[in-house]
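In what follows, a single structure is set out as structure tokens and then discussed.
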Protein chains: 2
Amino acid sequence: MKNNELFLKKASALLPEPKKKEVFPLPYERIEMAAKDTLLIDFGNHYVGYVTLNLGFTGSHPDAPAWLRVQFAEHAAELEEDVEQYHGWISKGWIQTEQIHVDELPCRLSLPRRYAFRYVKITALDVSMKYRLMVNQVSCQAVSSADESRLEAFCGGDFVGKEQDILLDKIACRTLHNCMQTVFEDGPKRDRRLWIGDLRLEALANYQTYRQNDMVKACLYLFAGSTYDNGQVSACIFLSPRIEADDTKMFDYSLLFIAALRDYWKETGDWQTLCELYPTAVRQWEIAGEQFDSENLVRDGDALGWCFVDWNLKLNKQASAQAIYIYCAKALEEMTQEICNNYVQHAGNVQEAEEKRKNVGESRCEGTEEEKDEPCAHALPLAEKVRNRLPGDMSDKIKACAKLYDEKKHVYVSGSEKQISWASQIWMVLAGVDNGCALDAVGDLPGVEAMVTPYIYHHYIEALAQSGRKDRALQVLRTYWGGMADQGADTFWELYNPENPNESPYGGTVVNSYCHAWSCAPAYFLRKWNKQV
Amino acid sequence: MKNNELFLKKASALLPEPKKKEVFPLPYERIEMAAKDTLLIDFGNHYVGYVTLNLGFTGSHPDAPAWLRVQFAEHAAELEEDVEQYHGWISKGWIQTEQIHVDELPCRLSLPRRYAFRYVKITALDVSMKYRLMVNQVSCQAVSSADESRLEAFCGGDFVGKEQDILLDKIACRTLHNCMQTVFEDGPKRDRRLWIGDLRLEALANYQTYRQNDMVKACLYLFAGSTYDNGQVSACIFLSPRIEADDTKMFDYSLLFIAALRDYWKETGDWQTLCELYPTAVRQWEIAGEQFDSENLVRDGDALGWCFVDWNLKLNKQASAQAIYIYCAKALEEMTQEICNNYVQHAGNVQEAEEKRKNVGESRCEGTEEEKDEPCAHALPLAEKVRNRLPGDMSDKIKACAKLYDEKKHVYVSGSEKQISWASQIWMVLAGVDNGCALDAVGDLPGVEAMVTPYIYHHYIEALAQSGRKDRALQVLRTYWGGMADQGADTFWELYNPENPNESPYGGTVVNSYCHAWSCAPAYFLRKWNKQV
């Protein structure tokens with residue numbers, strides 16, 4: 001791994017400190033708890049934060065420690081699941097269950113860890129026969145970086161059934177709110193950290209909601225600031241104990257850094273960030289380019305490494321990977337054109353801004369002398385080189401897609417087994433390789449590999465809308481996210497497969513995340529489309 | 001309950017602050033721990049304190065919390081016992097096992113609770129597949145109020161086999177050391193608090209070892225300072241969140257306050273404490289006196305309430321209770337004589353001492369004006385009254401013992417079923433009712449109720465020695481406590497029945513205490529006898 005300290009310093013300066021707000025549960029019955037008694041506390045909404053229990057007792061002075069289990073659940077179903085029965089491949093450490101000994105009562109027990117939850121279940125594993133435990137008050141210091149004062153009301157337009165859209169938007173905003181901490185976390189229960197695929201969708205929703213764009217900028221600098229030695233951005237970043245890239249390489253996630261930077265620049269017009277991070281974007285395109293064979297097809301299977309696309313474990317990723325490469329190459333082309341065409345104009349502005357900074361006594365981030373003098377100077381020659389190579393490369397990759405096209409079925413197939421999936425069609429449309437017909441054709445075929453996460457559904461909606469199928473996009477959005485809302489979701493989930501309520505790629509739903517911001521698509525699409533009307 | 005604030009203030013001023021000493025375990029292999037791996041750490045001796053784990057990792061940056069079980073064991077056998085299989089009548093909350101989530105590695109994990117242990121077993125309940133947990137260093141801030149610099153070396157006299165006596169003394173001193181915290185705790189694992197029966201034996205051992213007599217004094221004032229409304233001292237006292245008597249009444253423990261005060265006064269000559277606490281002692285005698293029937297026999301069974309004597313759950317307590325009453329009445333008689341005979345002489349000294357205090361500007365504990373002027377003034381008239389009543393009462397109770405004597409078997413029987421136990425004989429000897437022959441006779445009888453704790457064994461040794469059977473006392477001491485030593489005890493146990501290694505009155509040995517200072521008899525007897533030689 002290698003770090004760019006200038007980038008990390010910029011990122012650190014922009015990372016927000018989550019704000020605290022004390023919240024309380026719905027009224028509950030204060031029962032006198034004997035051994036094995038349980039108490040369910042409902043906070044009435046999903047929160048992320050630090051919980052305090054005010055514990056007391058009835059009866060004699062407690063003559064033995066109270067031994068408690070405290071479970072936190074985003075979804076009521078988690079409370080019914082037995083931790084001991086989970087034998088999946090990701091750690092049980094994620095399950096929000098604690099055993100605690102309380103040596104002295106009454107006491108104010110402030111749990112040191114952060115939890116994501118709506119429900120708190122307290123079990124008296126044991127108290128002595130001489131007393132009963134009382135849970136007198138429960139509170140939570142809820143944390144989030146999302147500034148609700150920046151969120152405009154969403155009225156859902158003027159149509160029948162708009163209440164559902166308003167509800168979907170509300171749940172999506174709550175989801176994003178609770179994932180906005182120091183960074184855009186994927187989910188506050190698990191993994192509680194910054195993944196680039198998640199960031200990209202969270203940033204899109206953020207542009208339509210909280211518009212805390214400096215937080216997106218900070219996250220982009222984090223990825224660019226800690227990379228593999230060859231410059232590939234990692235799939236995710238740890239903040240603690242120091243900023244460090246995870247050693248997880250993902251073909252699609254690294255490429256999507258390009259798209260995330262393009263989106264940020266288009267939203268903010270932040271020329272300096274564009275120029276500073278452009279070399280990182282270019283490097284992702286170059287590295288991904290090494291994964292193609294002589295026929296310009298991305299390698300299949302293990303040779304490709306991990307390409308995420310969706311949590312359908314049977315999904316073959318080749319076609320999606322091919323299309324994601326093209327999609328991101330187009331995003332890179334947009335930025336390349338901008339830099340080549342408008343460098344002189346913007347560079348003037350940058351110099352002007354620098355002068356202003358110096359006048360008010362602010363110092364810029366430290367860097368080499370060269371960087372200080374001309375922060376964006378390197379972007380132009382690089383962009384000019386890329387402009388020469390990119391169109392040909394892209395054209396080759398697009399042409400190769402024909403080899404993945406099944407002329408009879410009118411869909412794209414993937415891998416040596418010519419697997420047909422929704423994901424392949426979606427990405428081919430997003431890449432502009434297909435005009436949307438594949439999305440129509442795939443729906444009529446049997447045995448198509450399904451979508452299982454809101455992450456791929458987001459791309460599905462986008463592909464439908466982009467290919468002129470906005471009504472269908474809206475219908476899918478309302479049906480899919482509405483399905484979670486119908487089940488009482490306070491926040492949208494990491495995984496939702498209407499066909500399989502027990503969908504989990506991890507070997508057990510108890511580790512699933514029920515507040516996962518790659519699922520905040522309703523806020524993004526509904527608000528964006530509402531503006532366009 | 002009623003409090004005497006003057007007494008509690010005196011007690012609080014004398015209670016020590018346990019001293020800390022950092023200790024480290026024996027060398028252990030730093031294994032790379034995957035899920036389900038365990039690590040056993042041996043501190044090489046019994047400690048009471050606060051443990052810190054320095055945790056690290058190998059492999060990738062940890063991508064999920066480490067979920068650990070940390071178990072503390074005084075006795076290696078505890079580690080093999082399954083908490084889930086314990087269904088006894090005292091709380092599982094005493095079992096020293098924690099589940100802990102570690103969100104960030106490396107970290108210094110300081111566990112907030114105090115443990116009593118030699119062994120620490122760490123189990124990785126789960127870590128992720130991407131890393132291995134390392135336990136890099138473990139340390140303990142060991143705590144005790146015992147001042148080792150006050151402990152004289154014990155050389156065991158000049159005889160063959162003295163090494164065993166030296167070992168028994170060492171283990172006993174270690175036991176007392178680890179029970180000397182803010183108060184003389186019964187055991188630092190469980191119950192971690194001041195019981196009067198335990199205090200009495202700890203105080204005796206303390207007089208022969210650490211000689212921290214102010215700590216004994218503080219404990220006596222605690223008992224006298226928080227009593228039942230009728231003045232009965234509670235069996236035990238809580239210190240936190242404020243000083244409070246437990247609502248546990250024990251016939252023998254309340255009476256033994258008298259003996260404990262007598263012992264303290266005899267050891268220290270502390271006249272003022274004798275006079276101040278004498279009324280409390282008298283009150284215990286009066287209250288216990290209400291438990292006798294018209295034939296001067298103590299009530300049997302439920303009518304008596306809880307009379308401890310020993311943890312043999314089948315033991316009938318009537319004969320023991322009768323004898324304990326007499327034993328304590330004799331102790332009260334000693335104090336009564338002292339006050340009546342020497343009041344004038346001592347009162348002069350007290351006044352002199354008061355004058356000195358005033359001269360050096362020290363203020364006495366606050367009290368009423370009356371108390372300030374004449375701290376011991378109330379003791380004399382009370383003692384004079386008691387002197388009139390006590391001998392007749394004692395004589396009646398001693399005579400009644402004849403009804404408990406089996407003329408054929410030459411032993412004392414107890415209760416309606418005329419149960420024969422070791423305990424009954426022991427206390428009849430200690431009370432001076434029997435000259436020791438009962439101790440000889442009982443050994444030849446079948447079906448005698450056995451002794452199961454070092455607490456009753458202490459009294460057995462005392463009874464043997466008092467009745468001129470010192471050689472046998474020494475032999476029993478060496479055999480019984482030597483049995484624990486032979487099993488590798490670092491400290492002496494709460495329960496030890498050579499006939500039944502699984503002895504537990506609680507329904508499971510996992511909650512037994514293996515450092516229990518009512519078992520520090522070897523230090524008391526061996527050192528006392530050594531001086532007498």
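All values reported here derive from a predicted model rather than from experimental measurement. Basis for what follows: all heavy atoms, side chains included, without hydrogens, waters or symmetry-related copies. A, B, ... follow the sequence lines: proteins, then strands. Residue 1 opens every chain.
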Side chain from CB out, backbone as N, CA, C, O: work out which of these in Asp103(B) comes under 4.5 Å of a heavy atom of chain A, or both, or neither.
side chain
Just say parallel, tilted or perpendicular for the rings of Phe238(A) and His61(B), cut-offs at 30° and 60°.
parallel
Residue part contacting chain B, namely of Arg192(A), when any heavy atom lies under 4.5 Å:
side chain
Contacting moiety of Asp247(A), where chain B heavy atoms sit under 4.5 Å
both
Do the side-chain N and O atoms of Ser504(A) and Asn512(A) include a donor-acceptor pair separated by under 3.5 angstrom?
yes
Using non-hydrogen atoms and a 4.5 Å limit, figure out which bit of Val511(A) sits close to chain B: side chain, backbone, both or neither.
neither
Aromatic contact, Tyr506(B) with Trp89(B) (centres under 6.0 Å)
yes
Do we see a donor-acceptor contact under 3.5 Å between the side chains of Glu104(B) and Ser240(A)?
yes
Just so I understand: if I count every heavy-atom pair under 4.5 Å between each of Lys130(B), Arg190(B), Arg114(B) and chain A, which residue has the most?
Lys130(B)
Toward chain A, the part of Ile100(B) with a non-hydrogen atom under 4.5 Å
neither
Between Arg193(B) and chain A, which part of the residue has a heavy atom less than 4.5 Å away: side chain, backbone, both or neither?
side chain
Under a 4.5 Å heavy-atom cut-off, does chain B meet the side chain of Leu68(A), its backbone, both or neither?
neither
Measure distances from Pro112(B) to the heavy atoms of chain A and classify the residue's part below 4.5 Å as side chain, backbone, both or neither.
neither
Residue among Lys189(B), Glu98(B), Glu74(B), Gln71(B) satisfying side chain to side chain donor-acceptor pair (under 3.5 Å) with Tyr115(B)
Glu98(B)
Interface residue of largest heavy-atom contact number with chain B, from Glu244(A), Arg113(A), Met129(A), under 4.5 Å
Arg113(A)
Mind telling me whether Phe308(B) and Tyr253(B) have parallel, tilted or perpendicular rings, with 30° and 60° as the class edges?
perpendicular
Return yes if a side-chain donor-acceptor contact under 3.5 Å exists between Ser145(B) and Gln181(B), otherwise no.
no
Counting heavy-atom pairs under 4.5 Å with chain B, the top scorer among Ser128(A), Ser60(A), Ala35(A), Pro65(A) is Pro65(A)
Is it true that Tyr131(A) and Glu32(A) share a donor-acceptor pair across their side chains at a distance under 3.5 Å?
no
If you tally heavy-atom pairs under 4.5 Å against chain B, which of Gly93(A), Ser91(A), Cys236(A), Ala64(A) wins?
Ser91(A)
